[in-house]
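Remarks on the structure that follows.
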Amino acid sequence: MNVFRLTGDLSHLAAIIILLLKIWKSRSCAGISGKSQILFAIVFTTRYLDLLTSFISLYNTCMKVIYIGCAYATVYLIYAKFRATYDGNHDSFRVEFLVVPVGGLSVLINHDFSPLEILWTFSIYLESVAILPQLFMISKTGEAETITTHYLFCLGLYRALYLFNWIWRFYFEGFFDMIAIVAGVVQTVLYCDFFYLYVTKGWFSRPYRL
Amino acid sequence: CLRTPVKDEL
């Protein structure tokens, strides 16, 4: 555990909590892509199956349980409790164009050809592109609420901090995981355009326009 | 196949 890893995890947690609270307090999921949230729920489920097979630390277990729980809670709020406010017409990204290639790639390029390892690889690849339905939705409607941009910023910052974590671990521990690093770079790059807009336009203005 | 690293990250 180093400072980049810890702040990355906390940033990820902050993003998840911000989104849950935003939907809960406003009693609306307008502007939020339910498809992205389903993809994140799939990501956490397929990655954290090792909760059943191995114990790493109390921190690790608690965070995994919180991430999974919050992901399903978010999906529940969007598709059940506040379904009436869900903007399905604008959430029109074709997720099969992500899930099918990602599934194929995880079978082809992985650390070990075993079910658990393939599912873990699938989750890493899927996470790197899971935000695309959300970004697509914002580009389609042309605006996002300020709180939604804070969510996206924390979510992007989390993977960027993980990149620094991997540089740190490579130098001080000789640790590196090529699959996670390549997917993490892709994931961070997808946020670059958004980071730029967030800093230059989204900081104080409201509502946020692209 | 690549070497499988320890999965201690989230």
Side-chain angles (χ1 to χ4, degrees), chain A residues 1-2 4-6 8-13 16 43-44 47-51 53-57 59-68 107-114 116-121 123-124 127 158-159 161-162 165-166 169-170 173-182 184, chain B:
Chain A
M1 181 68 82
N2 57 62
F4 300 113
R5 164 74 203 284
L6 183 63
D9 285 348
L10 293 178
S11 176
H12 195 184
L13 186 64
I16 293 169
V43 163
F44 291 139
R47 186 175 308 167
Y48 298 155
L49 285 173
D50 64 351
L51 275 172
T53 61
S54 58
F55 178 81
I56 292 149
S57 67
Y59 169 83
N60 195 281
T61 303
C62 288
M63 292 296 261
K64 284 175 175 172
V65 170
I66 292 171
Y67 285 176
I68 293 177
V107 171
L108 290 173
I109 304 176
N110 51 54
H111 291 307
D112 180 33
F113 198 80
S114 64
L116 215 60
E117 190 63 29
I118 290 172
L119 284 172
W120 177 86
T121 311
S123 84
I124 292 286
E127 185 190 347
Y158 135 69
R159 222 43 175 173
L161 286 165
Y162 257 71
N165 159 56
W166 290 323
R169 293 192 74 176
F170 179 73
E173 300 169 28
F175 173 97
F176 86 103
D177 182 336
M178 193 49 90
I179 287 178
I181 292 171
V182 172
Chain B
C1 282
L2 305 159
R3 184 177 60 92
T4 310
V6 185
K7 292 183 176 34
D8 58 350
E9 293 179 343
L10 293 165

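Not measured: the values here are computed from a predicted model.
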Report task. Taking all heavy atoms of B:Leu10 and all of A:Tyr48, pick out the closest pair and write down the distance. Result -> C-OH, 3.1 Å

Query raised in the report: So does B:Asp8 pair up with A:Arg5, basic N to acidic O under 4.0 Å?
Result: no

Query raised in the report: Residues two or more places apart in sequence or in another chain: which of them pass side-chain hydrogen bond (donor to acceptor under 3.5 Å, both in side chains) with A:Arg159?
Result: A:Gln187

Query raised in the report: So which part of A:Asn60 gets closer than 4.5 Å to some heavy atom of chain B, the side chain, the backbone, both or neither?
Result: both

Query raised in the report: Are any of the side-chain heavy atoms of B:Glu9 and A:Asn165 separated by less than 4.5 Å?
Result: yes

Report task. Select one option (side chain, backbone, both, neither) describing which atoms of A:Tyr162 are under 4.5 Å from chain B's heavy atoms. Result -> side chain

**Report entry** Those residues that, when tested against A:Tyr59, pass ring-ring contact (aromatic ring centres under 6.0 Å, His included) (two or more places apart)
**Finding:** none

